[in-house]
Number of protein chains: 2
Amino acid sequence: MEVSEIDEEREDLVQRVANALSANHGASTGEIAAAADVSRATLHRVFGSREDLVATVYGWLLEQCDRIFDGSGIDQAPVLEAFDRLVEGSYPIAQSYWMLIAKPELDNVPEFQQGMADQDSRLEKFFARGQAEGVFRPDMSPRWLAYSLGGQIMSAWYLVEDGYAGALEVPRLVRAAVIEGVLARPGG
Amino acid sequence: MEVSEIDEEREDLVQRVANALSANHGASTGEIAAAADVSRATLHRVFGSREDLVATVYGWLLEQCDRIFDGSGIDQAPVLEAFDRLVEGSYPIAQSYWMLIAKPELDNVPEFQQGMADQDSRLEKFFARGQAEGVFRPDMSPRWLAYSLGGQIMSAWYLVEDGYAGALEVPRLVRAAVIEGVLARPGG
DNA sequence: GGTCTATGAGACAAATCTGTCTTATTCGAT
DNA sequence: ATCGAATAAGACAGATTTGTCTCATAGACC
């Protein structure tokens, strides 16, 4: 058994646990284990206590977010191209990431507070860059634009979850709604 | 003690319990009681079991939503006027209402499923009406526009919660972001 | 085949949560 | 001042959850 396979299995497990926790924040270790398709004993062997498990999942989500931001070229790629890649990349973990925001379980863990603040700042800088380049309107704070995008991606996740759109439509829908707005335009 | 005062106190209590549950979905009755500033005994006397308590809060939130929709003139008022009142009215309960969406606790209670489906449909109809009147762009489904607005209001709630905007700015911010979009326009 | 490792199943005590009760206190009304 | 209703505080048993342990099984590797 190779090391990379171990890692892959472990990451798959973390992913499944994250999904289980996202779907039901207060799930017991028994429910999490069932949803992740492992025994409760294995869950404890791998992650330790429930608190450790949650911390591991949170840390993993923050790492995922970092990778998605990196991969989208958020810091240097042309703004509108990065925007599309950002939406496409972050949409799958939208619900899980929202759990980070909504859950106060780890409010007293400075590491996670800092990690989330860093993600927020990075997205805020992206919109500030877009404004400086004249792409985004300058009369709303980059912070609000960042929050707004996050909410749209979350909404798109639920739209797909509820069966009203396909996953492949998400980038188009979010782009149209966020970038262009919902107003009908005589000019097209 | 008059009846109306009893009702007011009860409703205040429900409000505080809703806030406590919104801030921490998995809160124990002890935590909820502490957050609502009553004893755990009173909580049980008033609401019954924990499950009954959650059901009461959920029902109350759905009623609130109905009242806000009614008050905004969602079904008949001029679209853009209703839009502003909708945002302004629903913003305070945004986080609480999101709890309804995110929590599967009452998935097996048809009453709540129906109530939420009704709210969704009502908001969807609003956007369909706006499209029919030529106010909203017709190339995105009303369902997506409804979800999108919900996400924006949620984002605005967090923006205020985190101290990056004042409550009074919310209608303007949401209106600008949703209606007009974030793109800079040569035409202003 | 034999061995080693990881896992699932189940049991178990400790901790936590829930629902109920009793008692004392507070507050308003008379 | 006294009464009565509502509450807070605390105790309590039962249920649930958690963390740990043991044992049996399945699969990888020699």
Side-chain angles (χ1 to χ4, degrees), chain A residues 1-60 99 102-109 112, chain B residues 1-60 99 102-109 112:
Chain A
M1 188 180 285
E2 298 175 8
V3 172
S4 65
E5 288 180 8
I6 292 180
D7 285 352
E8 271 185 34
E9 281 181 23
R10 245 340 102 75
E11 185 147 357
D12 282 352
L13 177 58
V14 175
Q15 169 84 68
R16 290 199 300 274
V17 170
N19 289 342
L21 273 176
S22 304
N24 181 3
H25 298 192
S28 66
T29 55
E31 291 173 315
I32 296 171
D37 204 35
V38 293
S39 71
R40 207 163 61 87
T42 299
L43 216 57
H44 279 290
R45 269 192 291 262
V46 172
F47 295 105
S49 73
R50 189 186 195 285
E51 190 176 359
D52 293 341
L53 179 148
V54 173
T56 299
V57 169
Y58 282 21
W60 179 79
M99 169 177 64
K103 281 267 94 178
E105 280 181 28
L106 297 179
D107 266 7
N108 44 7
V109 180
F112 291 107
Chain B
M1 187 179 283
E2 298 174 10
V3 173
S4 65
E5 288 181 7
I6 292 180
D7 286 352
E8 274 185 31
E9 281 181 24
R10 246 340 104 74
E11 185 147 356
D12 282 352
L13 177 58
V14 175
Q15 170 84 69
R16 291 199 300 275
V17 170
N19 290 342
L21 273 176
S22 305
N24 181 2
H25 298 194
S28 66
T29 55
E31 291 173 314
I32 296 171
D37 205 36
V38 294
S39 71
R40 206 162 62 87
T42 298
L43 217 57
H44 279 290
R45 269 193 294 265
V46 172
F47 296 105
S49 74
R50 189 186 196 286
E51 191 176 358
D52 293 340
L53 179 147
V54 173
T56 298
V57 169
Y58 282 20
W60 179 79
M99 168 179 64
K103 280 267 95 177
E105 280 180 28
L106 298 179
D107 266 6
N108 45 6
V109 181
F112 291 108

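Here is the naming used below: chain letters follow the sequence lines, and residue numbers restart at 1 for every chain.
- When the C1' atom of D:dT20 is taken as reference, atom CG of A:Asp52 falls 15 Å away, rounded to whole Å.
- The interatomic distance linking A:Glu31 (CD) with D:dT16 (P) rounds to 12 Å, in whole Å.
- Atom CG of B:Asn24 and atom P of C:dC17 are 11 Å apart (whole Å).
- Separating the CZ atom of A:Arg50 from the P atom of D:dT20 is a distance of 15 Å, rounded to the nearest angstrom.
- Aromatic ring orientation, B:His25 versus A:His25: parallel (interplanar angle below 30°, classes split at 30° and 60°).
- How far CG of B:Leu53 is from OG1 of B:Thr29: 9.0 Å, rounded to the nearest 0.5 Å.
- Donor-acceptor pairing under 3.5 Å is lacking for the side chains of A:Gln15 and A:Trp60.
- Between the B:Thr56 side chain and the B:Asp52 main chain, a donor and an acceptor come within less than 3.5 Å of each other.
- Evaluation of the side-chain hydrogen bond (donor to acceptor under 3.5 Å, both in side chains) rule for B:Asn24 yields no partner, not counting sequence neighbours.
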Short N/O separations, protein against nucleotides 8-11 of chain C, under 3.5 angstrom:
{"unit_1": "C:dG8", "atom_1": "OP2", "unit_2": "A:Ser39", "atom_2": "N", "d": "2.8"}
{"unit_1": "C:dG8", "atom_1": "OP2", "unit_2": "A:Ser39", "atom_2": "OG", "d": "2.9"}
{"unit_1": "C:dG8", "atom_1": "OP2", "unit_2": "A:Thr42", "atom_2": "OG1", "d": "2.5"}
{"unit_1": "C:dG8", "atom_1": "N7", "unit_2": "A:Arg45", "atom_2": "NH2", "d": "3.3"}

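- Panel note: side chain A:Thr42, backbone A:Val38; no donor-acceptor pair is recorded below 3.5 Å.
- Between A:His44 atom NE2 and D:dT20 atom P there is a gap of 7 Å when expressed in whole angstrom units.
- Atom CG of A:Asp12 is separated from atom P of C:dA6 by 18 Å (rounded to the nearest Å).
- When the P atom of C:dC17 is taken as reference, atom CG of B:Leu53 falls 16 Å away, rounded to whole Å.
- Under the 4.5 Å side-chain criterion, counting only non-hydrogen atoms from C-beta, B:Ile32 is not in contact with B:Arg16.
- The heavy-atom pair separating A:Ala33 from A:Ser39 by the smallest distance is CB-C, 3.9 Å.
- Between B:Ile32 atom CD1 and C:dC17 atom P there is a gap of 11 Å when expressed in whole angstrom units.
- Side-chain contact check for A:Phe47 versus A:Leu13: some heavy-atom pair is nearer than 4.5 Å.
- At its two ends the helix from C:dG1-D:dC30 to C:dT30-D:dA1 runs along axes set 30° apart, each axis drawn from five pairs and the angle rounded to 10°.
- Listed pair B:Thr29 / C:dC17 fails the phosphate criterion, with no side-chain N or O lying under 4.0 Å from OP1 or OP2.
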